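To keep things clear, I will list the structure first and then write my remarks on it.
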Amino acid sequence: MNKAELAKRIKEVAFLEGDFVLRSGKHSKYYVDKYLFGTKPDILKSLAVELTKILPPLESFDRLAGPELGAVTITSVLACTINKPFVLVRKAAKGYGTDKIFEGELHKGEKVVLIEDILTTAGAALSAAERLRDYGVEIVKIIGVVDREEGAAENIAKAGFQMDALLKKSDLGI
Ligand SMILES: O=P(O)(O)OC[C@H]1O[C@H](OP(=O)(O)OP(=O)(O)O)[C@H](O)[C@@H]1O
Ligand SMILES: O=C(O)c1cc(=O)[nH]c(=O)[nH]1
């Protein structure tokens with residue numbers, strides 16, 4: 001599957017029309033259900049190939065980071081493809097057990113590429129990136145699978161991070 005076929009396949013399986021409330025509180029007439037594409041082996045494998053092409057040079061970072069929940073499957077398949085470890089970023093600590101926000105190994109001073117499934121305002125991605133930065137990690141880049149082009153690029157630039165996205169809304173024919 002090439003990138004255009006991947007975009008077509010994602011639209012085919014995950015594009016929903018209706019009335020949706022988004023994470024940001026905005027309303028939308030469409031929704032790209034990340035779980036409908038992020039749980040399919042053919043799409044995950046193709047995403048890993050295409051995301052690898054837009055990653056910063058592999059020697060320029062130590063680890064991937066995947067914010068819960070939607071980005072977790074994509075990040076884990078990508079990590080296996082490039083043979084890099086990854087860390088999961090919780091929205092909130094559990095309040096029991098190890099009570100951690102960052103699950104998996106993570107060391108201060110590491111360079112990390114953060115993978116997000118959908119970028120709308122980038123609020124969720126920035127929340128994870130800022131917590132990682134506050135912990136002492138350098139965010140080399142934030143990479144989204146789908147950029148809905150509703151302010152994410154501007155908000156990420158304003159927060160001082162670099163970003164890229166594999167697919168823009170227009171690539172999905174939306
Ligand atoms: O760019 P934003 O405006 O922040 O919106 C996009 C975010 O919202 C969704 O996550 P959701 O809150 O549905 O969480 P989930 O992955 O845990 O389902 C999506 O997966 C992004 O993380
Ligand atoms: O902004 C969101 O919450 C959002 C939009 C979208 O298209 N898909 C999704 O999973 N989340």
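Count residues from 1 along the sequence. Remember, it's 1-based here, ligands and their atoms both numbered in the order they're listed. Keep in mind that the numbers below use all heavy atoms, side chains included, and drop hydrogens, waters and symmetry copies. What you see is a predicted model; the values in this text were computed from it and never measured.
Polar contact check, Y31 against ligand 2: a nitrogen or oxygen pair lies under 3.5 Å apart. Between R23 and ligand 2, at least one N/O pair is under 3.5 Å apart.
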Hey, what polar pairs (N/O, under 3.5 Å) does ligand 1 make with protein?
| from | atom 1 | to | atom 2 | distance (Å) |
| --- | --- | --- | --- | --- |
| ligand 1 | 1 (O) | T120 | N | 2.8 |
| ligand 1 | 1 (O) | T121 | N | 3.0 |
| ligand 1 | 1 (O) | A122 | N | 2.6 |
| ligand 1 | 3 (O) | T121 | N | 2.9 |
| ligand 1 | 3 (O) | T121 | OG1 | 2.5 |
| ligand 1 | 4 (O) | R23 | NE | 2.6 |
| ligand 1 | 4 (O) | R23 | NH2 | 3.1 |
| ligand 1 | 4 (O) | G123 | N | 3.1 |
| ligand 1 | 4 (O) | A124 | N | 2.8 |
| ligand 1 | 10 (O) | K34 | NZ | 3.1 |
| ligand 1 | 13 (O) | K34 | NZ | 3.3 |
| ligand 1 | 14 (O) | K91 | NZ | 3.1 |
| ligand 1 | 16 (O) | K34 | NZ | 2.9 |
| ligand 1 | 16 (O) | Y35 | OH | 3.2 |
| ligand 1 | 16 (O) | L69 | N | 3.1 |
| ligand 1 | 16 (O) | G70 | N | 2.9 |
| ligand 1 | 17 (O) | L69 | N | 3.1 |
| ligand 1 | 17 (O) | K91 | NZ | 2.4 |
| ligand 1 | 18 (O) | K34 | NZ | 3.4 |
| ligand 1 | 18 (O) | Y35 | OH | 2.5 |
| ligand 1 | 20 (O) | K34 | NZ | 2.2 |
| ligand 1 | 20 (O) | D117 | OD1 | 2.6 |
| ligand 1 | 20 (O) | D117 | OD2 | 3.1 |
| ligand 1 | 22 (O) | E116 | OE1 | 3.3 |
| ligand 1 | 22 (O) | E116 | OE2 | 2.8 |

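The aromatic ring centroids of F15 and Y30 lie less than 6.0 Å from each other.
The local environment of NZ in K45 is sparse, with at most 12 non-hydrogen atoms from other residues, nucleotides or ligands closer than 6.0 Å.
Annotation for ligand 2: atoms under 4.0 Å from non-hydrogen atoms of K34 are 10 (O). Near R148, meaning under 4.0 Å from one of its heavy atoms, ligand 2 places the atoms 5 (C), 6 (C), 7 (O). Remark: ligand 2 atoms within the under-4.0 Å shell around heavy atoms of V32 are 6 (C), 7 (O), 8 (N), 9 (C), 10 (O). Every atom of ligand 2 is numbered from 1 in the order shown, and the set under 4.0 Å from a heavy atom of T120 is 1 (O), 2 (C), 4 (C), 5 (C).
Heavy atoms of I118 approach ligand 2 to within less than 4.0 angstrom.
Side-chain contact check for R9 and S46: no donor-acceptor pair (N or O, by modelled atom type) lies under 3.5 Å.
A heavy-atom distance below 4.5 Å is found between the side chains of I43 and V13.
Between the CG atom of N2 and the NZ atom of K8 there is a distance of 10.5 Å, given to the nearest 0.5 Å.
Between S76 and T73, the closest heavy-atom pair is OG-O, 2.9 Å. For the pair H107 and R63, the tightest heavy-atom approach, listed with the atom from each and the gap, is CD2-NH2, 3.7 Å.
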Q. Where do R148 and S28 land on the side-chain hydrogen bond (donor to acceptor under 3.5 Å, both in side chains) test, with the steps shown first?
A. CA-CA 11 Å; R148 289 180 49 123; S28 176; 2.8 Å; yes

Q: Carefully, step by step, assess V72 and L88 under the rule side-chain contact (heavy atoms from CB on, under 4.5 Å).
A: CA-CA 7 Å; V72 169; L88 302 178; 3.9 Å; yes

